[in-house]
Amino acid sequence: TERTFSIIKPDATKRNLTGAVNAVIEEAGLRIVAQKRIQMTRAQAETFYAVHSERPFFGELVEFMTSGPVVVQVLEGENAIAKYREVMGATNPANAAEGTIRKKFALSVGENTVHGSDAPETAAVEIAQFFAGNEIVG
Ligand code: GTP
Ligand code: MG
């Protein structure tokens, strides 16, 4: 079993879609073993997306991620990282497969409803940025 880090982004919390997104997550067989609603600071968003700091959309990305509440989560399951990437769908909702979270709910490549870790190393770093060990209950 494996853990991945998820964010329900501001476009979704603004539209009251937290529960709808969680329903897709749980129907996919992923267990939500930690979850909290937070307002990300600029510093937290810049640290979280540091890998994208040279990209032209970085400023827009940080603005968006701090534009409203987000729900940070730890998801657990068999092959959780790859499974959640599949459930999320492509980054650009125009390319996302039917039934995926981004196909159902995302507004654009920027306002794309969810984040999910892309590898075990990034999952560990991302989980540790937002959760203490005793906040994760498997
Ligand atoms: P995450 O799970 O959020 O990391 O998405 P991803 O892994 O599918 O995409 P990637 O890591 O390449 O990009 C991170 C995030 O940056 C995306 O989810 C988008 O929110 C945002 N992003 C990527 N490309 C663009 C773009 O061209 N314009 C804007 N505004 N945002 C972008
Ligand atoms: Mg990514």
Side-chain angles (χ1 to χ4, degrees):
T1 188
E2 189 176 66
R3 285 176 176 174
T4 191
F5 179 73
S6 163
I7 304 177
I8 303 178
K9 296 184 180 184
D11 67 283
T13 61
K14 275 177 197 153
R15 289 178 290 150
N16 261 1
L17 292 173
T18 300
V21 170
N22 278 345
V24 179
I25 289 170
E26 293 189 329
E27 276 158 24
L30 291 164
R31 186 177 300 278
I32 302 163
V33 295
Q35 173 168 264
K36 58 190 171 190
R37 179 171 163 108
I38 62 167
Q39 170 65 50
M40 257 200 214
T41 64
R42 169 165 293 272
Q44 279 177 312
E46 285 174 351
T47 298
F48 184 75
Y49 279 122
V51 65
H52 295 308
S53 62
E54 302 306 314
R55 306 281 279 279
F57 57 81
F58 183 66
E60 211 173 289
L61 178 56
V62 170
E63 277 305 311
F64 168 58
M65 292 302 289
T66 57
S67 68
V70 300
V71 176
V72 291
Q73 306 176 304
V74 180
L75 310 182
E76 187 176 272
E78 211 60 50
N79 296 313
I81 295 169
K83 158 114 33 115
Y84 190 46
R85 298 285 296 186
E86 192 179 310
V87 169
M88 285 163 49
T91 308
N92 185 340
N95 304 325
E98 212 58 53
T100 62
I101 292 170
R102 284 166 169 168
K103 177 70 175 190
K104 284 175 189 276
F105 304 122
L107 301 174
S108 67
V109 67
E111 299 195 306
N112 64 359
T113 308
V114 281
H115 161 83
S117 307
D118 55 19
E121 303 72 40
T122 49
V125 169
E126 291 172 1
I127 289 169
Q129 189 185 342
F130 291 97
F131 290 100
N134 65 3
E135 293 180 300
I136 304 167
V137 183

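Order of listing sets the numbers, starting from 1, for every ligand and every atom in it. What's counted below: heavy atoms across the whole structure, side chains too, no hydrogens, waters or symmetry copies. Positions are given from 1 along the sequence.
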Original post:
Quick one: which ligand 1 atoms are inside 4.0 Å of a heavy atom on G116?
Top reply: 2 (O)

Original post:
Considering only heavy atoms of L61, which atoms of ligand 1 have at least one such atom less than 4.0 Å away?
Top reply: 16 (O), 20 (O), 21 (C)

Original post:
In this structure, are over 12 heavy atoms from other groups packed under 6.0 Å from R15 atom CZ?
Top reply: yes

Subject >> Side-chain donor or acceptor of R31 paired with backbone N/O of E26 under 3.5 Å >> reply: no

Original post:
Are any side-chain N or O atoms of E2 and backbone N or O atoms of E78, one a donor and one an acceptor, separated by less than 3.5 Å?
Top reply: no

**OP:** Verify the distance criterion only: is there a donor paired with an acceptor across the side chains of K83 and T4 at less than 3.5 Å?
**Re:** no

**OP:** Could you establish whether M65 and ligand 1 come within less than 4.0 Å of each other, counting only heavy atoms on the residue side?
**Re:** no

Original post:
Looking only at heavy atoms, is any part of E63 under 4.0 Å from ligand 1, and if so is it the side chain, the backbone, or both, or is it neither?
Top reply: neither

**OP:** Using a strict cut-off of 4.0 Å, indicate which atoms of ligand 1 neighbour a heavy atom of R102.
**Re:** 1 (P), 2 (O), 3 (O), 5 (O), 8 (O), 18 (O)

Original post:
Which protein heavy atom lies closest to atom 7 (O) of ligand 1, and at what distance to 0.1 Å?
Top reply: R85 NH1, 3.0 Å

**OP:** Do me a favour and list the nearest non-hydrogen protein atom to atom 14 (C) of ligand 1 with residue, atom name and distance?
**Re:** H52 NE2, 3.4 Å

**OP:** Please state which part of K9 comes within less than 4.0 Å of ligand 1, counting heavy atoms only: side chain, backbone, both or neither.
**Re:** side chain

Original post:
By number and element, which atoms of ligand 1 are closer than 4.0 Å to a non-hydrogen atom of Y49?
Top reply: 3 (O), 14 (C)

**OP:** Pick, from D118, V109, T91, the option with the minimum heavy-atom distance to atom 6 (P) of ligand 1.
**Re:** T91

**OP:** Give a yes or no on whether the backbone of T66 and the side-chain of Q39 come within a donor-acceptor separation of less than 3.5 Å.
**Re:** yes

**OP:** For salt bridge (Lys or Arg N to Asp or Glu O under 4.0 Å), just list the numbers for R3 and E76, CA-CA rounded to whole Å, side-chain angles, deciding distance to a tenth of an Å, and then say yes or no.
**Re:** CA-CA 4 Å; R3 285 176 176 174; E76 187 176 272; 2.8 Å; yes

Original post:
Is there a path of hydrophobic side-chain contacts, each under 4.5 Å between heavy atoms of I, L, V, M, F, W or Y residues, that connects L61 with V109?
Top reply: no

Original post:
Which of parallel (below 30°), tilted (30 to 60°) and perpendicular (above 60°) describes H52 and F57?
Top reply: tilted

Subject >> H115 contact mode with ligand 1 (heavy-atom cut-off under 4.0 Å) >> reply: both

Original post:
For ligand 1, is there an N or O atom under 3.5 Å from any N or O atom of G110?
Top reply: yes

Original post:
Would one find an N or O of F57, backbone or side chain, under 3.5 Å from an N or O of ligand 1?
Top reply: no

Original post:
So is E126 in contact with ligand 1, going by heavy-atom distances below 4.0 Å?
Top reply: no

**OP:** Considering only non-hydrogen protein atoms, determine which one is nearest to atom 30 (N) of ligand 1 and report residue, atom name and distance to 0.1 Å.
**Re:** E60 OE2, 2.7 Å

**OP:** Count the heavy atoms belonging to other residues, nucleotides or ligands that lie under 6.0 Å from CD of E135, then report whether that count exceeds 12.
**Re:** yes

Original post:
Ring centres of Y84 and F5 under 6.0 Å apart?
Top reply: no

Original post:
Below 4.0 Å from any atom of ligand 1, is there a heavy atom belonging to M88?
Top reply: yes

Original post:
Honestly, is K9 close enough over F105, meaning NZ or CZ under 6.0 Å from the six-membered ring centre and within 45° of the axis?
Top reply: no

Original post:
Does ligand 1 have an atom that lies less than 4.0 angstrom from a heavy atom of N112?
Top reply: yes

